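Worksheet: one structure, shown below.
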Amino acid sequence: MKVILLGATGMVGQGVLRECLLDPEVESILTVGRNASAQRHEKLHEVVHQNLSDLSAMEGKLSGYDACFFCLGVSAAGMEEEAYRRVTYDLTISMARILSRLNPAMTFIYVSGMGTDSSERGRTMWARVKGKTENALLQMPFKAAYMFRPAYIQPQHGIRTKTKWYGVLYAIVGPLYPVWKLLFPKYVTTTECVGRAMLNVAKRGAPKSVLESQDINSVCRDGS
């Protein structure tokens with residue numbers, strides 16, 4: 001299997017990249033982003049591209065792939081809706097249109113979040129924008145598209161978030177992860193499990209197109 005990974009330097013993307021590199025069924029991974037990852041591996045090929053909203057110059061490198069794991073994302077904290085829409089909806093859909101045209105047999109997996117509003121009419125700005133993005137992706141001519149909606153994600157294997165206030169949060173609540181897992185098993189997962197679940201869904205599909213944390217954990221276990 002050949003994979004394109006977008007957002008490889010973020011916390012979720014780091015976890016997905018780790019699992020891709022460990023999986024013997026993954027032949028190659030192409031990462032596309034504004035920064036290179038710190039990883040070095042014979043299966044890994046990285047393209048640093050500053051203007052992610054325009055991939056026309058590198059379309060020749062984007063065909064022949066079986067799956068795309070889209071882990072790009074920003075926090076909506078302090079952002080106006082128009083700005084958040086540009087970096088969430090506009091950017092994602094622009095890239096997905098190119099990938100669907102070049103790879104009609106591709107499985108596309110998008111990392112969204114718990115609370116995403118599929119109706120696009122709710123009061124929470126980020127949830128509306130994420131819902132609009134999900135809905136548009138599900139209409140695209142991919143072989144299949146899946147929306148991952150994790151709640152709390154515990155970073156593992158030395159992975160860290162790049163967002164400062166998330167880092168503070170993880171420093172406080174991270175040590176209590178075993179407690180959260182015991183008390184709220186439907187709402188917690190790990191970077192490892194998200195990565196493994198993505199690979200399992202890309203290989204074998206899933207019974208539904210929108211997967212919450214408990215679904216992600218189930219798919220992760222089923223493929224182990």
Side-chain angles (χ1 to χ4, degrees), residues 1-50 52 67-77 87 109-114 146 148-203 211-224:
M1 181 168 64
K2 299 178 68 177
V3 171
I4 292 178
L5 172 58
L6 297 159
T9 60
M11 189 186 81
V12 174
Q14 291 176 59
V16 175
L17 177 57
R18 178 183 184 272
E19 299 310 309
C20 287
L21 293 175
L22 290 172
D23 192 322
E25 294 184 56
V26 176
E27 173 187 345
S28 66
I29 310 107
L30 174 69
T31 67
V32 180
R34 297 185 181 93
N35 300 290
S37 74
Q39 298 286 338
R40 298 294 180 270
H41 196 283
E42 61 183 6
K43 295 199 294 187
L44 176 61
H45 308 280
E46 299 192 279
V47 174
V48 176
H49 189 77
Q50 295 302 318
L52 296 178
C68 175
F69 301 146
F70 198 103
C71 305
L72 279 174
V74 298
S75 169
V87 297
I109 301 178
Y110 176 68
V111 178
S112 185
M114 186 184 76
Y146 298 94
F148 274 37
R149 293 183 179 180
Y152 176 83
I153 304 174
Q154 176 67 23
Q156 295 180 314
H157 310 296
I159 291 170
R160 295 179 181 274
T161 177
K162 297 191 300 181
T163 305
K164 289 183 179 180
W165 72 270
Y166 280 173
V168 173
L169 174 66
Y170 282 118
I172 296 171
V173 305
L176 297 175
Y177 168 69
V179 178
W180 309 138
K181 183 178 179 181
L182 180 64
L183 296 177
F184 310 106
K186 293 182 179 181
Y187 303 104
V188 298
T189 188
T190 66
T191 50
E192 178 180 327
C193 203
V194 171
R196 289 171 59 187
M198 282 194 178
L199 286 165
N200 291 338
V201 170
K203 295 172 188 176
L211 291 83
E212 306 284 350
S213 285
Q214 60 183 333
D215 306 309
I216 293 168
N217 291 333
S218 177
V219 172
C220 172
R221 289 191 299 267
D222 290 345
S224 60

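All values derive from a computational prediction rather than experimental measurement.
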Check: K43 side chain, L21 main-chain N or O, donor-acceptor pair, under 3.5 Å: yes

Exam field: side chain N217 to backbone Q214, donor-acceptor pair closer than 3.5 Å: no

What pair of heavy atoms forms the shortest contact from [X] to [Y], and how long is it?
| X | Y | value |
| --- | --- | --- |
| R34 | V48 | O-CG1, 3.3 Å |
| A202 | I109 | N-CD1, 4.2 Å |
| H157 | E192 | NE2-OE1, 2.6 Å |
| M114 | A151 | SD-CB, 3.6 Å |
| A8 | T31 | CB-CG2, 3.8 Å |
| C71 | V111 | SG-CG2, 4.0 Å |

Option passing side chain to side chain contact (heavy atoms under 4.5 Å, CB included) with F148 (candidates T189, V12, I216): I216

Among V3, V32, L6, the one residue meeting side chain to side chain contact (heavy atoms under 4.5 Å, CB included) with C68: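 Answer after filtering V3, V32, L6: L6.
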
Over 12 non-hydrogen atoms of neighbours within 6.0 angstrom of CD in Q50: yes

To the nearest 0.5 Å, what is the distance between [atom1] on [X] and [atom2] on [Y]?
| X | Y | atom1 | atom2 | result |
| --- | --- | --- | --- | --- |
| C193 | N200 | SG | CG | 9.0 Å |
| S37 | E46 | OG | CD | 3.5 Å |
| Q156 | Q14 | CD | CD | 13.0 Å |
| C20 | M1 | SG | CE | 6.5 Å |
| K186 | D215 | NZ | CG | 10.5 Å |

Passing option when D23 is tested against R196, K203, R18 for salt bridge (charged side-chain N to carboxylate O under 4.0 Å, His left out): K203

Ring pair (Phe, Tyr, Trp, His ring centres under 6.0 Å) partners for F70, two or more places apart: F108, Y110

Just wondering, do [Y] and [X] contact through their side chains at under 4.5 Å, heavy atoms?
| X | Y | result |
| --- | --- | --- |
| L199 | E25 | no |
| L5 | M198 | no |
| M11 | T191 | yes |

I29 vs Q39, side chain to side chain contact (heavy atoms under 4.5 Å, CB included): CA-CA, chis, key distance, verdict: CA-CA 12 Å; I29 310 107; Q39 298 286 338; over 6 Å; no

